[in-house]
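Data block below; observations after.
Side chains are part of it too, since the values below use all heavy atoms of this structure and drop only hydrogens, waters and symmetry mates. This one's a predicted model, so the numbers in the text were calculated from it and none came from an experiment.
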Amino acid sequence: YYEVLDRSLLKIPAAQTFQEKTGVPKVYGAVGLGGIGLVLVFFNIGAALLVNLTGFGYAAYASINAIESPGKDDDAQWLTYWVVFGLFNVAEYFTGFLLYWFPFYYLLKLGFLVWLMAPATRGAERLYATGIKPAMVQVKAAQRSATPATSASAK
């Protein structure tokens, strides 16, 4: 895992700068920073901010890279992520007062968001295909069946 993370961090100039200035391998810095963030989320210290920054920050960075890349497969992945993320945030807004009392909510939310955006799991695409798309098909079918009756009565 060390080598894989090290290769991934080569793309991030701040990681290289960190290694040059401190002499600490950038992998250790990334793992340490991630560990500190995870501990803060676990103990609910700024958890809402950290989890939302993770869900938004990395996804925004990856979306910009997807827009700039020549292929379109990654564009669809990140568009799907934003649809699911948006729906999740709307649902969370209306249920937030209940979710606040759920133990380790932000830790579970962090895991869920990582599952949604991870290229290995493509969780957003799975959730879209199994839940959102069928619901949208039903909504569109209901709209089509309601539209002729409405337009006929208007004439």
Side-chain angles (χ1 to χ4, degrees), residues 1-140:
Y1 295 115
Y2 180 92
E3 292 174 7
V4 172
L5 185 56
D6 191 50
R7 279 194 305 270
S8 298
L9 291 171
L10 286 174
K11 301 173 191 173
I12 303 172
Q16 190 63 33
T17 304
F18 169 82
Q19 182 171 317
E20 290 168 1
K21 288 190 176 188
T22 63
V24 176
K26 57 187 168 277
V27 174
Y28 293 167
V31 170
L33 189 62
I36 290 170
L38 198 58
V39 167
L40 290 173
V41 170
F42 183 79
F43 288 110
N44 205 15
I45 302 169
L49 176 65
L50 290 172
V51 171
N52 285 327
L53 280 176
T54 302
F56 178 79
Y58 176 75
Y61 174 76
S63 296
I64 291 168
N65 286 340
I67 291 168
E68 298 299 324
S69 72
K72 296 298 177 197
D73 290 340
D74 51 358
D75 295 0
Q77 175 189 356
W78 289 107
L79 276 172
T80 306
Y81 171 81
W82 287 114
V83 168
V84 174
F85 181 75
L87 288 172
F88 179 74
N89 278 331
V90 168
E92 184 183 39
Y93 175 79
F94 290 108
T95 59
F97 65 95
L98 294 173
L99 296 173
Y100 176 78
W101 295 101
F102 191 72
F104 305 112
Y105 169 69
Y106 288 110
L107 197 60
L108 294 171
K109 180 181 175 182
L110 179 63
F112 176 68
L113 292 177
V114 169
W115 177 77
L116 284 179
M117 68 175 91
T121 61
R122 292 188 172 253
E125 290 177 352
R126 287 184 186 184
L127 195 58
Y128 178 81
T130 59
I132 297 170
K133 186 176 181 179
M136 289 304 297
V137 168
Q138 288 179 348
V139 168
K140 285 181 182 179

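The environment of CD in Glu20 is crowded: more than 12 heavy-atom neighbours from other residues, nucleotides or ligands sit within 6.0 Å. Under a cut-off of 6.0 angstrom, the local environment of CZ in Phe94 is sparse, with at most 12 non-hydrogen atoms contributed by other residues, nucleotides or ligands.
Summarising the geometry of Ala129 relative to Pro134, their closest heavy-atom pair is O-CD, 3.4 Å, with the distance given to 0.1 Å. When all heavy atoms of Pro13 and Lys11 are compared, the closest pair comes out as CD-O, 3.4 Å. For the pair Leu108 and Phe102, the tightest heavy-atom approach, listed with the atom from each and the gap, is CD1-CE2, 3.3 Å. For Gly55 against Tyr81, the heavy-atom pair with the smallest separation is O-OH, 2.6 Å. Between Phe18 and Gly29, the shortest heavy-atom contact is CE2-CA, 3.6 Å. The heavy-atom pair separating Asp74 from Ser69 by the smallest distance is OD2-OG, 2.7 Å.
At least one side-chain heavy atom of Leu38 sits less than 4.5 Å from a side-chain heavy atom of Leu110. Side-chain contact between Val51 and Leu107 is absent, with no heavy-atom pair separated by less than 4.5 Å. Annotation: side chain of Val41 is not in contact with side chain of Thr54 (no heavy-atom distance under 4.5 Å).
Note that the CD atom of Glu125 and the NZ atom of Lys133 stand 11.5 Å from one another [nearest 0.5 Å]. Between atom OH of residue Tyr28 and atom CD of residue Gln19 there is a gap of 10.5 Å, rounded to the nearest 0.5 Å. With values rounded to the nearest 0.5 angstrom, Asp6 atom CG is found 4.0 Å from Lys26 atom NZ. One distance of note links OH of Tyr106 with CG of Leu99; it measures 8.0 Å at 0.5 Å rounding. Rounded to the nearest 0.5 Å, atoms CZ (Phe112) and CG (Leu127) are 5.5 Å apart. With values rounded to the nearest 0.5 angstrom, Leu98 atom CG is found 12.0 Å from Glu92 atom CD.
Here side chain to side chain donor-acceptor pair (under 3.5 Å) pairs that include residues 35-52, with residues two or more places apart or in two chains, are Asn52-Lys109.
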Tell me which donor-acceptor pairs under 3.5 Å the side chains of residues 57-67 have, and how far apart each pair is, sequence neighbours excluded?
residue : atom : partner : partner atom : Å
Ser63   : OG   : Ala59   : O            : 2.7
Ser63   : OG   : Trp82   : NE1          : 2.7

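A donor-acceptor contact shorter than 3.5 Å links the side chain of Thr121 to the backbone of Trp115.
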(request) Go through the steps for Phe104 and Phe42 under the test ring pair (Phe, Tyr, Trp, His ring centres under 6.0 Å), then give the verdict. (result) CA-CA 7 Å; Phe104 305 112; Phe42 183 79; 5.2 Å; yes
